[in-house]
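Working notes, beginning with the structure itself.
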Amino acid sequence: MSGLQPPRGTHDLIGDTMRRHHHVVETARSVLETYGFEEWSTPIFEDTRVFSRTLGETSDVVSKEMYTFEDRGGESITLRPENTASICRALVTNGLTQSLPQKAFYHGPMFRYERPQKGRYRQFHQIGAELLGAEGPLRDAEVITMAYDILKALGLSEHVVLELNTLGDVASRQAWREALVAYFRQHADALSEESRVRLEVNPLRILDSKSEQDRALLADAPAFADYLNDESRKFWDDLRSYLTAFGVEFVENPRIVRGLDYYSHTAFEFVTTKLGAQGTVLAGGRYEGLVEQMGGPAIPAIGWAGGIERLALLLEETPSVAAGIAIVPMGDEAVLKGASIVRSLREAGLRAEIETRGNMKKRMERIVKSGASHAVVLGDEELARGVVQLRNLGTREQQEVAISDLVQALKGA
RNA sequence: GCGGAUGUAGCUCAGUCGGUAGAGCGCCGGUUUGUGGUACCGGUUGUCGCGGGUUCGAUCCCCGUCAUUCGCCCCA
């Protein structure tokens with residue numbers, strides 16, 4: 001055993017872990033395609049400004065969680081902590097602001113320097129979707145419904161609840177935020193120590209506090225509903241109507257504020273109670289200023305990202321690998337013939353292995369354990385007659401088949 | 001970044017009140033050139049996480065460190 005380990009918070013994806021991971025991505029892909037989304041791949045690292053400008057300088061992600069370094073040319077580079085900003089950058093870079101809407105999805109590693117826990121890693125993987133050029137709440141509802149369909153296809157719809165909130169437009173939020181700050185300033189001495197910091201840095205976060213003393217204050221805090229302007233209120237009403245029309249259930253949770261600065265109007269999270277403190281499994285919202293910050297026109301968009309590790313942890317079962325066919329040659333001559341047979345099976349698109357090690361009992365044990373569907377036994381006697389024994393390992397039925405008919409017999413099976 | 005728990009074979013774990021480690025499972029070979037997971041025989045596995053200290057001697061005691069894990073913060 002070597003002393004080398006993967007760096008803290010990183011992990012290898014092998015075997016069952018990789019299969020679960022892959023299953024999440026491919027299940028999502030098939031749903032995303034029914035909605036007309038296409039895969040985009042952006043660089044894993046970007047100019048630091050892509051993230052620092054857009055996520056909010058004071059957000060935890062930017063202030064303490066980014067992997068930022070100078071490259072040899074002196075440029076400040078950051079390993080992407082999320083992908084939405086990159087997608088917006090790519091939209092502008094590739095001149096796609098002229099052909100809206102764009103429906104993009106992505107999956108891949110993200111990097112945040114955090115203390116690892118179950119379902120939380122420093123290199124983790126997200127799958128996400130962005131609808132760029134989302135003209136109104138119908139699109140928000142549609143993109144949320146798409147996320148729900150993916151969770152359902154993964155068999156998780158029973159384990160997860162959609163929590164929904166509105167953050168209003170910039171004007172509404174600004175007015176409310178000022179009222180909140182004024183209120184909390186008045187009661188600063190009653191706030192928890194952490195929330196006094198939040199008051200300066202990200203006051204909306206106080207709403208999400210788990211501290212008892214903070215919660216006591218929240219009851220009389222200014223309600224956002226009183227600050228929503230007419231346009232924002234209509235957006236919120238329409239969103240809920242459309243979601244209902246799509247048949248997606250949700251609960252309203254006014255405490256969802258999201259950690260990143262760029263959201264407006266719609267904010268949502270799919271949460272579970274099964275992952276300890278890491279209950280959010282997929283989350284997103286509407287953002288209207290990001291593309292403009294990347295140097296493009298003001299294009300409203302709606303998107304979300306799901307944590308692939310968290311989704312994979314929730315899967316009930318590990319997807320199985322496809323059953324194969326095992327060739328069992330007995331004797332040197334038979335191995336040569338077995339080689340040509342296994343090749344012809346593979347050329348026919350069948351999954352096949354040639355099993356040469358140990359006595360026949362040991363071979364059969366290994367083959368059965370491997371989940372193979374059929375064994376093809378080939379000894380001197382069969383060789384002489386140009387046939388094989390084809391055994392169905394499920395039914396234990398065995399028949400003699402001419403080598404020339406083997407592919408057809410297996411394809412029909 | 002803060003606080004708690006844990007670290008012995010590939011896996012699950014036992015153990016030594018300080019005398020350089022064991023079980024089950026797994027894995028490999030054979031019984032068996034001819035057929036199924038459970039039979040029989042044999043075999044394999046460890047810097048007891050890493051570094052330092054105390055000691056004649058440390059896997060065990062002490063300190064540090066790394067990793068995992070739970071909670072806080074924050075987030076997917």
Side-chain angles (χ1 to χ4, degrees), chain A residues 1-11 15 24 55 58-65 81-84 107 109-128 147 160 192-195 197-198 201-202 205 208-211 256-260 269-272 275-284 304-314 326 328-335 355-372 374-383 388-398:
Chain A
M1 198 192 293
S2 147
L4 293 178
Q5 292 177 320
R8 172 167 236 198
T10 68
H11 57 152
V24 169
L55 306 186
T58 57
S59 70
D60 273 40
V61 168
V62 169
S63 60
K64 58 186 197 199
E65 294 176 1
E82 57 109 45
N83 209 204
T84 301
H107 66 94
M110 308 293 160
F111 305 85
R112 292 181 196 173
Y113 192 86
E114 291 187 280
R115 184 83 175 254
Q117 278 179 51
K118 177 191 269 186
R120 161 186 294 184
Y121 306 95
R122 288 185 173 179
Q123 176 177 336
F124 63 106
H125 296 78
Q126 287 188 327
I127 183 158
V160 135
S192 69
E193 205 172 312
E194 281 155 354
S195 285
V197 175
R198 292 188 181 107
V201 170
N202 190 351
R205 273 275 153 209
D208 210 9
S209 173
K210 287 167 188 162
S211 147
I256 294 179
V257 292
R258 313 287 310 125
L260 309 177
E269 298 183 358
F270 285 89
V271 298
T272 176
L275 293 179
Q278 285 71 243
T280 302
V281 122
L282 184 153
W304 50 256
I308 297 177
E309 283 85 355
R310 292 184 186 177
L311 292 167
L313 281 170
L314 289 180
V328 188
M330 304 305 290
D332 294 344
E333 286 286 307
V335 172
E355 179 62 68
T356 59
R357 222 183 45 204
N359 61 39
M360 178 164 276
K361 182 181 169 77
K362 287 279 153 65
R363 293 194 204 184
M364 291 300 289
E365 284 174 1
R366 260 199 304 272
I367 289 164
V368 169
K369 195 179 282 184
S370 78
H374 294 81
V376 173
V377 179
L378 177 63
D380 291 338
E381 192 199 328
E382 286 84 5
L383 209 50
V388 295
Q389 302 299 328
L390 175 59
R391 186 173 180 84
N392 181 319
L393 297 170
T395 64
R396 297 183 178 231
E397 283 166 9
Q398 187 162 317

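Heavy atoms only: backbone and side chains are in, while hydrogens, waters and symmetry mates are out. To find a chain, count down the sequence lines: A is the first, B the second, and so on, and within it residues start at 1. Model, not experiment: these values are computed from the prediction.
In this structure, Y121(A) reaches the bases: a heavy-atom distance under 4.0 Å links it to at least one base atom across the strands shown. Counting non-hydrogen atoms under 4.0 angstrom, R363(A) reaches nothing in the nucleic acid. Contact annotation for V281(A): backbone-only contact, meaning every heavy-atom pair under 4.0 Å involves sugar-phosphate atoms and none involves a base. Heavy atoms of G279(A) sit nowhere under 4.0 angstrom from any nucleic acid atom. Nucleic acid contact for R366(A): sugar-phosphate only, since backbone atoms but no base atoms lie under 4.0 Å from a heavy atom of the residue. Contacts of I308(A) with the nucleic acid, taken as non-hydrogen atoms under 4.0 Å apart, are absent. Residue-level contact check: E309(A) touches neither bases nor backbone, having no heavy atom under 4.0 Å from any strand.
The side chain of R310(A) has rC75(B) as its nearest neighbour among rG34(B), rC75(B), rC74(B). In the set rG34(B), rA39(B), rC75(B), the nucleotide with an atom closest to the side chain of K361(A) is rA39(B). Set against rU33(B), rG36(B), rG29(B), the side chain of R357(A) has rG29(B) as its closest nucleotide. The side chain of R396(A) approaches rG37(B) more closely than any other nucleotide in the set rC75(B), rG34(B), rG37(B). Among rA76(B), rC73(B), rU31(B), the nucleotide with an atom closest to any side-chain atom of Q117(A) is rC73(B). With distances taken from any side-chain atom of E365(A) to the nucleotides rG36(B), rC28(B), rU35(B), the minimum falls on rG36(B). Among the nucleotides rA76(B), rG36(B), rG1(B), the one closest to any side-chain atom of Y113(A) is rG1(B). Minimum atom distance to the side chain of V377(A) is reached by rG34(B), of the listed rG34(B), rA67(B), rU33(B).
Between the C1' atoms of rA23(B) and rU31(B), the separation comes to 26 Å (whole Å). Rounded to whole Å, the separation between the P atoms of rC13(B) and rC40(B) comes to 27 Å. As rounded to the nearest Å, rA9(B) and rU45(B) have C1' atoms that lie 5 Å from one another. A distance of about 23 Å separates the P atoms of rG3(B) and rC61(B), rounded to the whole Å. Going from the C1' atom of rG46(B) to that of rG34(B) covers 39 Å, rounded to whole Å. Comparing rG7(B) with rC41(B), their C1' atoms sit 37 Å apart, to the nearest whole Å. Taking the C1' atom of each, rU59(B) and rC17(B) are spaced 15 Å apart, rounded to whole Å. Nucleotides rU55(B) and rC60(B) place their C1' atoms 13 Å apart, quoted to the nearest Å.
Applying the ring-ring contact (aromatic ring centres under 6.0 Å, His included) criterion to F124(A), with sequence neighbours excluded, gives no partner residue. Applying the salt bridge (Lys or Arg N to Asp or Glu O under 4.0 Å) criterion to E365(A), with sequence neighbours excluded, gives K361(A).
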Take T280(A) and E269(A) through the side chain to side chain donor-acceptor pair (under 3.5 Å) test and state the conclusion after the steps. CA-CA 6 Å; T280(A) 302; E269(A) 298 183 358; 3.1 Å; yes

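Taking both residues in full, the closest heavy atoms of T356(A) and R363(A) are given as O-NH2, 3.1 Å, listed atom of the first, atom of the second, then distance.
Base-pair partner of rU45(B): not found among the strands shown (Watson-Crick or G-U wobble, both distances under 3.5 Å). The partner of rU38(B) cannot be assigned: no Watson-Crick or G-U wobble pair with both contacts below 3.5 Å exists in any strand. In a base pair of the Watson-Crick type (N1 to N3 plus N6-O4 or O6-N4) or a G-U wobble (N1-O2 and O6-N3), with each distance short of 3.5 Å, rA14(B) is matched with no nucleotide. As the counterpart of rG57(B), no nucleotide is assigned, since no Watson-Crick or G-U wobble pattern has both distances under 3.5 Å. As the counterpart of rU6(B), rA67(B) is assigned, both hydrogen-bonding distances of the Watson-Crick or G-U wobble pattern falling under 3.5 Å.
One can place CD of E114(A) at 13 Å from C1' of rC72(B), the figure rounded to the nearest angstrom. For the pair R122(A) CZ and rA76(B) C1', the interatomic distance rounds to 16 Å; values are reported in whole Å.
The structure places CD of E382(A) at 13.5 Å from CD of E333(A), a figure rounded to the nearest 0.5 Å. Between atom CD of residue E309(A) and atom NE2 of residue H125(A) there is a gap of 6.0 Å, rounded to the nearest 0.5 Å. To the nearest 0.5 Å, atom CD of residue E397(A) and atom CG of residue L390(A) are 10.5 Å apart. Atom CD1 of I127(A) sits about 11.0 Å away from atom CG of N83(A), to the nearest 0.5 Å.
Look at K118(A) and you won't find any side-chain N or O under 4.0 angstrom from OP1 or OP2 of rA76(B).
With hydrogens and angles ignored, a donor-acceptor pair closer than 3.5 Å exists between the side chain of E382(A) and the base of rG34(B). Taking only distance into account, the side chain of K362(A) meets the base of rG30(B) through a donor-acceptor pair shorter than 3.5 Å. Contact of R115(A) with rC74(B) (side chain to base): no donor-acceptor pair of N or O atoms is detected under 3.5 Å. Interface remark: the Q398(A) side chain does form a donor-acceptor pair with the rU35(B) base, using a distance-only criterion of under 3.5 Å.
For the pair G394(A) and G9(A), both in contact range of RNA chain B, the more 5′-proximal nearest nucleotide belongs to G394(A). Between G119(A) and R8(A), the residue anchored closer to the 5' end of RNA chain B is R8(A), taking for each the nucleotide with the nearest heavy atom.
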